[in-house]
Amino acid sequence: MSTVYALLLCGGSGTRMGAKSNKTLIEIGGVPGIVKCFRAYEGLVDGIVLVTRGGEEDLFREVLTAYALAPYAIVPGGEDRQASALKGLQALPQDADIALIHDGARPLVTKDVIRRVIQSVRQCGSGVAAVPARDTIKKADKQGRVIETPDRASLWQMQTPQAFFVKDLLQAHARATARYTDDAALMEAAGHEVQLVMGDYSNVKMTSPEDVRMAQGMMLPRVGTGFDAHRLKAGREMWLGGVLIPYDQGLDGHSDADVAIHALIDALLGAAAMGDIGQLFPDSDPAYKGISSLILLKETVKRLRARGFEIGNADVTIVAQKPKLAPHIPQMRKALAEALGVPEEKMSVKATTTERMGYEGRGEGISAQAAAIVYQSK
């Protein structure tokens, strides 16, 4: 099977939309656009190369690391799109057969579009995402006077990804005598047949504030809450928020009984309307006996993302009279953020007591509440 790599071109400055930083870092659905791009390609390609503006390599590396994403390489681009694409191609490993070149400013690309493009290049030697023109197109002179009305039935709007065999792309770049606005035009000029593949009308490119508002409007925020409580029991380790807490008792349960994570899982599942922790990981299943709740959380996140959900932020409150949890909260935030694949600033953990009231106050048990926001494409 051929080896497939994605090149994400992130050289856009964002000046036309008044952005203060690279436009691919603007948040769409709770995460930077480039993160949405990256996750769309995860699991479908063998590696991902980011091509950035010179000097922004460390910035992108920091952003991707915060979301637990690991590119094959991050390289500085060239003076224009064509030069940047070539820089990305030159950064690929020698065994790379197919390259999918994608505008990082198209954060709403779907896995279905990517799969169609990959299938096309394997079958036809090329695969370029595009959509049929919906509007009548006019050709006009410099004064705005119409000189021609092309037949709309034969017109397509080009998108990305645009996929070709790496060796063909490198040859086309070496022979190019002009500058082209996309890879399909470069390959056409080199004499290669270009096969169009049905894209998606939502796969818009971020070039103006209106584009950003439209993309953000396509992402539907959904809120979920969760609650869990477990008894305290001697002879058990106490795990809270993915952290081992020194104490003479632990929480009793089928798994490690981490109430903070269990509440968080239910909040995420509730936001996505995907049931609850008992349905996904029943305590009647011996596979979950004594299991770390961090493993269950990571599996929950995997299932959410498989359905197209993106995690915005989450908040957990732990209710316990003892032990004192404040010293452990930074470590909990770190552990939970890593499991969710989000920066720590999007994962909040708090602890409180009940002033010795109720079962928490009497030291009989510990409870936790959680809330989470997820985003899904409309």
Side-chain angles (χ1 to χ4, degrees), residues 3-15 17 19-109 111 114 117-118 160-167 169-170 173 182-183 186 203 205-207 212 305 310-311 337-338 340-346:
T3 305
V4 182
Y5 277 74
L7 305 182
L8 306 186
L9 305 183
C10 308
S13 64
T15 53
M17 63 173 64
K20 295 181 180 179
S21 62
N22 191 301
K23 64 184 178 181
T24 65
L25 298 178
I26 295 174
E27 286 201 356
I28 305 294
V31 300
I34 191 59
V35 171
K36 287 190 64 61
C37 271
F38 199 105
R39 285 190 174 143
Y41 281 91
E42 272 193 315
L44 301 181
V45 297
D46 297 288
I48 299 174
V49 172
L50 262 69
V51 185
T52 72
R53 288 186 298 178
E56 290 188 336
E57 299 94 321
D58 288 342
L59 171 62
F60 276 85
R61 191 171 288 108
E62 180 181 339
V63 170
L64 294 180
T65 298
Y67 284 90
L69 302 176
Y72 172 78
I74 300 178
V75 297
E79 60 185 10
D80 57 21
R81 188 189 189 283
Q82 188 169 319
S84 292
L86 178 57
K87 291 271 191 179
L89 291 169
Q90 292 169 337
L92 293 175
Q94 291 187 348
D95 66 346
D97 297 311
I98 293 172
L100 278 68
I101 304 177
H102 185 81
D103 293 326
R106 292 185 186 270
L108 301 184
V109 65
K111 287 185 178 293
I114 296 168
V117 167
I118 293 174
T160 60
Q162 300 188 358
F164 302 92
F165 285 103
V166 173
K167 61 180 178 58
L169 280 165
L170 289 172
H173 276 280
D182 72 352
D183 310 282
L186 171 72
N203 185 19
K205 188 176 182 180
M206 306 291 101
T207 58
V212 174
R305 292 211 169 104
E310 193 64 66
I311 298 168
E338 287 179 354
L340 294 180
V342 302
E344 285 185 46
E345 59 264 28
K346 296 201 172 187

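Atom set for the values below is all heavy atoms of this structure, side chains included, hydrogens, waters and symmetry mates excluded.
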Give me the atom names and distance for the closest heavy-atom approach of Pro107 to Gly33.
CB-O, 3.6 Å

Before accepting this row, confirm whether a basic side-chain N of the pair Glu42/Arg305 lies closer than 4.0 Å to the acidic partner's carboxylate O.
no

Verdict with reasoning, Thr24 to Leu8, per side-chain contact (heavy atoms from CB on, under 4.5 Å):
CA-CA 10 Å; Thr24 65; Leu8 306 186; over 6 Å; no

With the side chain counted from C-beta on, respond yes when Tyr5 and Val166 share a heavy-atom pair under 4.5 Å apart, and no when they do not.
no

Should Ile118 and Ile98 be marked as a side-chain contact (heavy atoms from CB on, under 4.5 Å) after you check the CA-CA gap, both sets of side-chain angles, and the distance that decides it?
CA-CA 8 Å; Ile118 293 174; Ile98 293 172; 5.6 Å; no

Indicate the atoms forming the closest heavy-atom contact of Gly77 with Val51, along with that distance.
CA-CG1, 3.4 Å

How far apart are the C-alpha atoms of Phe164 and Ile101, what are their side-chain angles, what is the distance that settles it, and do they pass the side-chain contact (heavy atoms from CB on, under 4.5 Å) test?
CA-CA 9 Å; Phe164 302 92; Ile101 304 177; 5.8 Å; no

When you measure from the side chain of Asp46 to the backbone of Val4, do you find a donor-acceptor pair of N or O atoms at a distance under 3.5 Å?
yes

Hey, does the side chain of Lys23 reach the backbone of Met206 with a donor-acceptor pair shorter than 3.5 angstrom?
yes

If we only count heavy atoms from C-beta on, is the Ile48 to Leu69 side-chain gap below 4.5 Å?
no

For residues Asn203 and Thr160, report the shortest heavy-atom separation together with the two atoms involved.
ND2-O, 2.8 Å

Quick one: do Thr3 and Val45 satisfy side-chain contact (heavy atoms from CB on, under 4.5 Å)? Show the steps, please.
CA-CA 8 Å; Thr3 305; Val45 297; over 6 Å; no

Short side-chain to backbone donor-acceptor contact, Thr52 and Pro76, under 3.5 Å:
no

Which heavy atom of Ala99 sits nearest to which heavy atom of Leu169, and what is that distance?
CB-CD1, 4.0 Å

Taking the side chain as C-beta and beyond, is there a heavy-atom pair between Arg81 and Asp183 under 4.5 Å?
yes

Kindly check if the number of other-residue, nucleotide or ligand heavy atoms within 6.0 Å of CD (Glu62) is above 12?
no

Point-to-point distance, once rounded to the nearest 0.5 Å, from CG of Leu7 to OH of Tyr41:
9.5 Å

Distance check, rounded to the nearest 0.5 Å: Leu186 atom CG versus Gln82 atom CD?
5.0 Å

Do you know which two heavy atoms are closest between Pro32 and Tyr67, and how far apart they sit?
CD-OH, 3.2 Å

Determine the minimum heavy-atom distance between Ala163 and Val117, stating which atoms define it.
CB-CG1, 3.3 Å

N-O pairing of Glu27 and Lys346 below 4.0 Å
yes

Taking Lys111 for its side chain and Arg39 for its backbone only, find out whether a donor-acceptor pair lies under 3.5 Å.
yes

Please confirm whether the backbone N or O of Ala105 pairs with a side-chain atom of Asp103, one donor and one acceptor, at under 3.5 Å?
no

Are the side chains of Leu92 and Tyr72 in touch, meaning some heavy atoms are under 4.5 Å apart?
no

Roughly how far apart are Leu50 CG and Leu64 CG, rounded to 0.5 Å?
5.5 Å

